[in-house]
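Structure first, then comments.
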Amino acid sequence: MGSAKHAAPLFDRFSDSYIRNRAVFICSAAGLPAHEAEDFQQELRLHLFRQRRLHDPARGKWTTFVRTVIQRKAAALLQKAKAQRRARWREVASLDEDFPETQNSSDSFDLQSYLAVTSSQWTLEAGIHLRVDLSRAVNRMRPAQRDLARSLMVERVSEVSKRTGIPRSTLYERMTELRENLQEAGFHR
């Protein structure tokens with residue numbers, strides 16, 4: 001913990017300038033209007049304010065600390081802004097949607113087949129973004145839920161039940177939990 005005597009002022013000229021530049025960059029990279037940079041500046045300032053106690057002048061310069069802390073937070077804000085810009089709520093599809101019978105016995109569909117079968121208005125890019133967001137949501141789950149979710153992406157419930165020895169009724173209960181986790185992550189039925 002740095003001593004108050006030797007600590008640089010929290011919002012010196014460098015910090016202000018660096019925060020302002022990162023906020024403008026976030027807006028530009030996420031395709032957001034320039035006026036939203038003020039909100040990002042506030043978030044970055046608050047983050048630096050909360051992290052300031054971790055700076056140790058004996059270990060490094062204040063400017064290096066500011067760069068590191070702000071770059072990491074800015075990267076997280078940019079990722080979040082891009083995800084919100086993709087606007088999942090405009091790309092509606094149900095994971096429970098019934099598919100018509102196909103000529104082969106496979107239950108899996110590639111994205112192009114799904115779009116053709118459902119006559120969805122999705123673009124290929126929107127589907128890719130959805131896949132990325134879904135992958136992130138699944139990766140944040142507990143290991144047992146994550147394994148079940150990944151299995152259900154490629155196998156039917158009956159196949160997972162046979163392979164794991166878990167009764168289908170138990171799998172359906174666990175699928176309810178999976179759906180709740182996905183809803184919390186922003187995926188809605």
Side-chain angles (χ1 to χ4, degrees), residues 1-2 4 7-57 59-97 111-112 114-115 118-142 145-146 149-150 153 177-189:
M1 189 161 161
L10 182 59
F11 296 113
D12 57 0
R13 187 179 299 171
F14 173 79
S15 301
D16 282 337
S17 175
Y18 197 73
I19 287 171
R20 191 170 31 258
N21 289 338
R22 289 289 90 194
V24 168
F25 173 78
I26 293 168
C27 287
S28 174
L32 298 171
H35 67 80
E36 292 196 25
E38 291 176 23
D39 291 337
F40 289 117
Q41 283 182 43
Q42 290 298 332
E43 284 192 58
L44 292 170
R45 285 179 198 282
L46 179 60
H47 185 68
L48 180 59
F49 178 76
R50 289 178 175 159
Q51 297 296 312
R52 74 189 185 287
R53 63 179 167 59
L54 299 176
H55 177 248
D56 182 0
R59 293 187 65 207
K61 294 181 184 178
W62 173 249
T63 55
T64 304
F65 177 79
V66 170
R67 272 192 202 105
T68 304
V69 168
I70 297 303
Q71 278 179 350
R72 288 180 182 160
K73 182 64 174 180
L77 290 173
L78 176 58
Q79 183 180 24
K80 183 178 176 183
K82 283 183 174 181
Q84 288 175 339
R85 181 120 165 83
R86 286 192 293 265
R88 271 194 293 268
W89 53 89
R90 290 184 292 176
E91 301 164 1
V92 177
S94 174
L95 298 176
D96 293 326
E97 190 161 340
L111 183 60
Q112 294 294 356
Y114 175 80
L115 296 175
T118 61
S119 302
S120 176
Q121 298 300 310
W122 283 17
T123 64
L124 180 59
E125 183 180 353
I128 291 169
H129 290 308
L130 178 61
R131 188 177 290 166
V132 168
D133 292 341
L134 180 59
S135 178
R136 284 185 182 142
V138 169
N139 287 337
R140 289 185 195 117
M141 292 179 181
R142 293 187 330 259
Q145 285 186 325
R146 183 174 47 238
R150 287 180 180 157
M153 287 180 192
E177 292 175 23
L178 283 175
R179 283 192 178 102
E180 290 170 359
N181 286 343
L182 291 172
Q183 286 177 348
E184 288 173 12
F187 293 88
H188 302 283
R189 280 185 141 193

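Hydrogens, waters and symmetry mates play no part in the numbers below; they use all other heavy atoms, side chains included.
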Indicate the atoms forming the closest heavy-atom contact of A81 with L32, along with that distance. CB-CD1, 3.9 Å
Side chains of R136 and Q79: does their closest heavy-atom pair fall under 4.5 Å? yes
Gap between atom OG1 of T63 and atom CG of D12 - 0.5 Å precision: 8.5 Å
H55 vs F65 aromatic rings, parallel, tilted or perpendicular, using cut-offs 30° and 60°? tilted
Are there more than 12 heavy atoms of other residues, nucleotides or ligands under 6.0 Å from atom CD of Q71? yes
Main-chain N/O of A74 paired with R22 side-chain donor or acceptor, under 3.5 Å: no
Could you report the tightest heavy-atom contact between A23 and A37, atom names first, then the distance? CB-O, 3.4 Å
Which heavy atom in V66 sits nearest to a heavy atom in S15, and how many Å separate them? CG2-OG, 3.6 Å
With rounding to the nearest 0.5 angstrom, report the CD to CZ distance, Q51 to R72. 9.5 Å
Would you indicate whether the side-chain heavy atoms of R142 and E177 approach each other to under 4.5 Å? yes
Between CG on residue L77 and NZ on residue K82, distance to nearest 0.5 Å: 13.0 Å
Would a 4.5 Å heavy-atom cut-off, applied to side chains only, mark V69 and L44 as touching? no
Does a side-chain heavy-atom distance below 4.5 Å link L182 with M141? yes
Does R52 make a cation-pi contact with F49 (under 6.0 Å, within 45 degrees of the axis)? yes
Separation between CG of D16 and CD of Q41, rounded to the nearest 0.5 Å: 8.5 Å
Any F40 side-chain heavy atom under 4.5 Å of C27 side chain: yes
Mind checking what makes side chain to side chain contact (heavy atoms under 4.5 Å, CB included) contact with S135, not counting sequence neighbours? N139
Under the side chain to side chain contact (heavy atoms under 4.5 Å, CB included) rule, collect the residues that match up with N21, sequence neighbours excluded. S17
Enter the distance from L178:CG to Q145:CD here, rounded to the nearest 0.5 Å. 5.5 Å
Enter the distance from Q42:CD to I19:CD1 here, rounded to the nearest 0.5 Å. 9.5 Å
Contacts of F14 that satisfy ring pair (Phe, Tyr, Trp, His ring centres under 6.0 Å) - sequence neighbours left out: Y18
Side-chain donor/acceptor of T68 to backbone N/O of T64, under 3.5 Å: yes
